[in-house]
Colleague: 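One structure, as structure tokens, below. Some questions next.
Order of the sequence lines fixes the chain letters, A, B, ..., with proteins taken first and strands second; residue numbering starts at 1 for each chain. Given the structure is predicted, the values throughout are model-derived calculations rather than measurements. Just so it is clear, the values below take in all heavy atoms, side chains as well, and ignore hydrogens, waters and symmetry mates.
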Amino acid sequence: MISSEKYYLQDSLELAQSLIGKYLVREINNQRICGKIVETEAYLGINDKASHTHNGKKTKRTKILYKKGGLVYVYTIYGIYHCFNIVANRASIPQAVFIRALEPVEGQGIMENNRKSKIRKTEELTNGPAKLCQALKLNKTLYGLDLKQGKILYLEEGEKIDNIVKSPRINVDYAEEDKNKPWRFYEAGNPYVSRS
DNA sequence: ACATGGATGCTT
DNA sequence: AGCATCCATGTC
């Protein structure tokens with residue numbers, strides 16, 4: 001279990017790359033669901049036009065981003081889906097790492113039950129940000145949870161990934177000059193990386 | 001290529 | 001209050 005506070009106080013750009021290969025573990029009813037993080041995006045905060053905290057915007061939804069790294073930021077998108085982020089950096093620097101895809105490691109059967117639509121290929125379990133939220137039951141009840149506490153939801157050391165690809169982030173067309181910044185990271189060739 | 005869906009934040 | 005927007009997905 002990764003419980004080091006310092007780890008989460010990194011800048012979101014560094015944390016996003018460091019998270020590739022780590023295991024995200026969810027415990028429900030004493031059962032473990034575990035996925036390897038294979039795709040992330042960094043959101044840099046005040047000076048990032050794609051960030052929910054651009055220009056220091058602070059609302060009920062985003063206020064957790066102003067706290068110290070290691071907390072959970074979950075929000076609803078399109079009214080239907082959830083997106084899971086990990087707060088990065090020190091308090092008052094509102095950065096996050098968006099988790100876009102996992103490779104299933106443990107509990108694939110539970111993941112399949114948790115997914116709402118029929119799964120035809122195992123890649124469809126967790127190859128997108130809202131899909132992995134369904135598979136691991138990540139929802140707003142987890143908003144603000146401290147991953148360092150190691151309860152319900154936490155990180156484990158996982159695998160060392162040598163081949164990390166950088167690319168522009170997905171679906172941030174509104175972000176003007178920041179939309180093409182190479183702040184998306186994924187493991188080269190991993191079949192669970194989301195379709196772009 | 002397109003319909004879906006409602007919370008969120010911004011404006012009145 | 002009303003309204004445009006949105007860090008997707010599934011099916012077309």
Colleague: How far, in whole Å, is C:dA8 from C:dC12 if one measures between their C1' atoms?
Modeller: 16 Å
Colleague: What residues from residues 66-80 of chain A pass a heavy-atom cutoff of under 4.0 Å to DNA chain C?
Modeller: A:Tyr75, A:Ile77, A:Tyr78
Colleague: To the nearest Å, give me how far apart CG (A:Asn85) and C1' (C:dC6) are.
Modeller: 14 Å
Colleague: Under 4.0 angstrom, heavy atoms only, what part of the nucleic acid is A:Arg169 near: base, sugar-phosphate, or nothing?
Modeller: nothing
Colleague: Please report the distance, rounded to the nearest Å, between NE2 in A:His82 and P in B:dG6.
Modeller: 13 Å
Colleague: Roughly how many Å is it from NE2 in A:His52 to P in C:dT5, rounded to a whole number?
Modeller: 15 Å
Colleague: Show me the protein contacts with nucleotides 10-12 of chain C, counting only N or O atoms at under 3.5 Å.
Modeller:
residue : atom : partner  : partner atom : Å
C:dG10  : OP1  : A:Arg115 : NH1          : 3.1
C:dG10  : OP1  : A:Arg115 : NH2          : 2.9
C:dG10  : OP1  : A:Ser117 : OG           : 2.9
C:dG10  : OP2  : A:Lys131 : NZ           : 3.4
C:dG10  : N7   : A:Arg195 : NH2          : 3.3

Colleague: Just checking, is any N or O donor in the side chain of A:Glu103 or A:Asn190 under 3.5 Å from an acceptor N or O on the other one?
Modeller: yes
Colleague: Using whole Å, what does the distance between atom P of nucleotide B:dG9 and atom NZ of A:Lys60 come to?
Modeller: 9 Å
Colleague: Is it the case that the side chains of A:Tyr154 and A:Glu27 hold a donor-acceptor pair, with the cut-off being a distance below 3.5 Å and no angle test?
Modeller: yes
Colleague: Is the shortest side-chain N to carboxylate O distance from A:Arg169 to A:Asp48 below 4.0 Å?
Modeller: yes
Colleague: Provide the Watson-Crick or G-U wobble partner of C:dG10, both distances under 3.5 Å; none if there is no partner.
Modeller: B:dC2
Colleague: Strictly below 4.0 Å: does A:Asn171 bring a side-chain N or O up to OP1 or OP2 of C:dC7?
Modeller: no
Colleague: When you measure from the side-chain N and O atoms of A:Lys57 to the phosphate of B:dC10, is any distance below 4.0 Å, counting only OP1 and OP2?
Modeller: yes
Colleague: Scan A:Lys140 against the nucleic acid and name what it touches under 4.0 Å (heavy atoms): base, sugar-phosphate only, or nothing.
Modeller: sugar-phosphate
Colleague: With both distances under 3.5 angstrom, what nucleotide forms a Watson-Crick or G-U wobble pair with B:dG9?
Modeller: C:dC3
Colleague: Distance only, no hydrogens: is a donor on one side chain within 3.5 Å (strictly under) of an acceptor on the other, for A:Tyr43 and A:Glu41?
Modeller: yes
Colleague: Between C:dT9 atom P and A:Leu125 atom CG, what is the distance in whole Å?
Modeller: 13 Å
Colleague: What nucleic acid atoms does A:Ala50 come within less than 4.0 Å of, heavy atoms only: base, sugar-phosphate, or nothing?
Modeller: base
Colleague: For the pair made of NE2 in A:His54 and C1' in C:dC7, what is the distance, rounded to whole Å?
Modeller: 15 Å
Colleague: Does A:Tyr66 use its side chain to pair, donor to acceptor, with the backbone of A:Gly56 at less than 3.5 Å?
Modeller: yes
Colleague: Looking at A:Glu124 and A:Lys131, does any basic side-chain N land under 4.0 Å from a carboxylate oxygen?
Modeller: no
Colleague: Would you say A:Arg100 reaches C:dC7's phosphate, i.e. side-chain N/O to OP1/OP2 under 4.0 Å?
Modeller: no
Colleague: About how many Å separate NZ of A:Lys22 and CD1 of A:Ile86, when rounded to the nearest 0.5 Å?
Modeller: 10.5 Å
Colleague: CD1 of A:Ile170 versus P of C:dC7: gap in Å, rounded?
Modeller: 13 Å
Colleague: What is the separation between atom OH on A:Tyr174 and atom P on C:dA4, rounded to the nearest whole Å?
Modeller: 19 Å
Colleague: Does a sphere of radius 6.0 Å around CZ in A:Arg32 hold more than 12 heavy atoms from other residues, nucleotides or ligands, not counting ones at 6.0 Å or beyond?
Modeller: yes
Colleague: Can you see whether A:Glu159 engages A:Tyr23 through a side-chain donor-acceptor pair at a distance of less than 3.5 angstrom?
Modeller: yes
Colleague: Would you say that more than 12 heavy atoms from the other residues, nucleotides or ligands in this model lie under 6.0 Å from the NZ of A:Lys67, or not?
Modeller: no
